[in-house]
Amino acid sequence: MTNKKKSTLVFLIITGLITAVLLFFRFYNLQHRIIFDWDQESYANQIKDLIVNHKVSLLGPRTTNATGFYLAPYFTYLMLPFYLATKLHPIGSVYFVVAYNLIFVVSAFLLLKKVFDIKVVAAFFAFWSMNFWMVEYDIIPWWPIVLPLGILTTLFLLRKVTTEKNLLNWVWLGLCLGLFANMHFQFVFVIFFAVAFLSYHFWRNKLNPIKPILITAAAFAFTLTPLLLFDLRHQFLNTKLFFGFFFGGGSGVVHKNFIAWIPVLTNFLQPLLVIRYDILTLVFYAALGVGNFFLFKQSKDYKRDYYFASLCLWIIVPLFFAFYGQRPSEYYFIFLLPFVLITLSDGLLRGKLVYVLLLIIGVGIYSNFNTTYNYTPVQGKLVTHPFGLYNKQKVVSYLNEHYGDKKYNVSFTVEPGREPGFRYLLYYYNIKTHDIGDPKNPLIQVKIPPRDDGDIKITEAIGIQLPPEFKNGK
């Protein structure tokens with residue numbers, strides 16, 4: 001066996017061990033950690049309407065806030081087979097998360113190994129596996145979870161369209177960009193990346209882009225069909241919301257803060273940088289931009305196109321968020337992480353700075369588990385969620401088992417935002433809430449937090465208060 005084959009075998013073993021760690025942090029105690037809140041209840045109700053009421057949904061999530069425009073409901077239909085497998089019970093989202101993470105790991109391994117090498121795969125997985133943000137986001141069954149897979153699929157298809165003379169690949173690229181753009185609006189950055197990639201590729205090779213671009217654009221437009229059908233039925237309401245959001249002040253921002261995004265990026269990059277310090281974040285971001293430039297200069301063919309597009313992305317991201325003018329959530333930077341890790345891993349490995357790479361990974365692992373630097377360490381994300389699907393199911397199951405033969409309605413005495421999820425589970429067990437049940441029925445209150453004077457504590461954080469009729473044994 002040659003030294004090269006021995007090295008490849010060693011890194012395959014290392015990558016396998018890291019992958020096992022990655023999957024452990026995603027799957028450990030999963031059924032107790034997974035949430036079932038407003039977003040999850042929203043698409044669960046769409047699935048219920050489709051199966052029970054034969055009502056097809058044309059709208060998916062709304063961008064940013066109540067003044068935003070709608071995306072297509074593809075994530076709802078992605079979840080459909082998992083809900084069908086569990087007879088519409090939301091436990092189907094657990095199976096979805098398992099399936100998604102397995103597909104993501106296999107896809108990331110195959111693509112990164114083919115385009116870069118096994119060392120980049122090992123470094124990428126090491127950074128990804130114990131990143132406390134991704135340990136959390138990788139198990140939330142909602143639209144942004146699929147973005148990393150969408151990015152990898154885009155990178156794969158960009159390689160296909162630039163190395164193979166098959167027009168069908170351009171159709172797949174257009175469908176991919178359209179599908180994932182309708183999962184979450186931040187995928188627009190990946191579309192920008194793809195446009196920069198292809199523009200440079202066509203210019204560098206002196207190719208005519210008209211035909212493939214038209215095919216890709218047509219395939220992308222096809223993914224907007226549900227939104228077009230909705231607009232045709234509602235006087236182009238969503239189109240008006242779209243233009244109002246971007247050009248009519250529809251974002252609701254009166255006084256823009258051009259640097260509001262920087263502390264959020266600082267939070268998001270903490271698993272890598274350990275210390276939350278905005279200046280450090282800007283220096284690191286600038287250093288990665290310089291790294292993209294040097295990797296672009298040193299690369300050929302696909303990698304050269306990739307790093308040109310990555311450099312363009314590095315320039316446009318701060319400009320976009322400065323123009324946006326308000327504080328985004330940390331998950332709005334999920335799209336950026338694969339590009340950060342590829343540049344960081346490939347750059348240090350090409351520069352023969354393996355020990356620096358290992359140091360960064362080691363310090364990152366330490367900080368992701370250390371509460372001194374991190375308010376939400378990895379181990380804190382492996383415990384049972386106090387208001388997750390498991391505990392909400394536990395409360396509703398208790399009502400069904402103990403009072404299933406009685407007539408009653410359910411109301412909620414909870415903090416704002418804690419009620420979603422309960423309603424769908426109550427529907428599933430055919431228990432009426434106070435706003436749709438017979439007003440003459442006794443009322444059971446779900447309470448967060450439960451009181452010690454008379455409430456039945458179902459979990460540590462959730463209890464119920466029985467009506468006098470039930471307390472008296474009626």
| query | Parallel under 30°, tilted from 30 to 60°, perpendicular over 60°: which one fits the rings of Y137 and Y331? | reply | perpendicular
| request: Could you tell me how the ring of F242 sits relative to the ring of F69: parallel (under 30°), tilted (30 to 60°) or perpendicular (over 60°)? | output: perpendicular
| message | What's the separation between atom CG in L227 and atom CG in N182, rounded to the nearest 0.5 Å? | response | 5.5 Å
| task | Starting at CG of L269, measure out to CZ of R276 and round the result to the nearest 0.5 Å. | result | 12.5 Å
| message | Any donor-acceptor pair under 3.5 Å linking the side-chain atoms of Q393 with those of Y429? | response | yes
| L30 versus R26: any side-chain heavy-atom pair under 4.5 Å? | no
| Residues in side-chain contact (heavy atoms from CB on, under 4.5 Å) contact with Y277, at least two apart in sequence or another chain | I275, I279, L280
| message | Please determine whether salt bridge (Lys or Arg N to Asp or Glu O under 4.0 Å) holds for the pair K392 and D37, giving the CA-CA distance in whole Å, both sets of side-chain angles, and the decisive distance to 0.1 Å. | response | CA-CA 10 Å; K392 288 179 178 178; D37 292 332; 2.9 Å; yes
| request: Look at the rings of F308 and Y200 and say which category their plane angle falls in: under 30° parallel, 30 to 60° tilted, over 60° perpendicular. | output: parallel
| query | Aromatic rings Y324 and Y332: how do their planes relate, parallel, tilted or perpendicular, breaks at 30° and 60°? | reply | parallel
| Considering all heavy atoms, the nearest A72-T223 contact | CB-O, 4.3 Å
For residues 416-425, dump all side-chain donor-acceptor pairs below 3.5 Å to protein atoms at least two apart in sequence or in another chain.
{"from": "E419", "atom 1": "OE2", "to": "R423", "atom 2": "NE", "distance (Å)": "2.4"}
{"from": "E419", "atom 1": "OE2", "to": "R423", "atom 2": "NH2", "distance (Å)": "2.7"}
{"from": "R423", "atom 1": "NH1", "to": "T433", "atom 2": "OG1", "distance (Å)": "3.3"}
{"from": "R423", "atom 1": "NH1", "to": "D435", "atom 2": "OD1", "distance (Å)": "3.3"}
{"from": "R423", "atom 1": "NH1", "to": "D435", "atom 2": "OD2", "distance (Å)": "3.3"}
{"from": "Y424", "atom 1": "OH", "to": "L88", "atom 2": "O", "distance (Å)": "2.6"}

| query | Taking the six-membered ring for Trp, are F333 and W261 parallel (under 30°), tilted (30 to 60°) or perpendicular (over 60°)? | reply | tilted
| message | Can you classify the ring geometry of Y43 versus F75 as parallel (below 30°), tilted (30 to 60°) or perpendicular (above 60°)? | response | perpendicular
| message | Does the plane of the ring in F387 sit parallel, tilted or perpendicular to the ring in H385? Use 30° and 60° as the thresholds. | response | perpendicular
| field | Side-chain heavy-atom pair F124, L344 within 4.5 angstrom cut-off | value | no
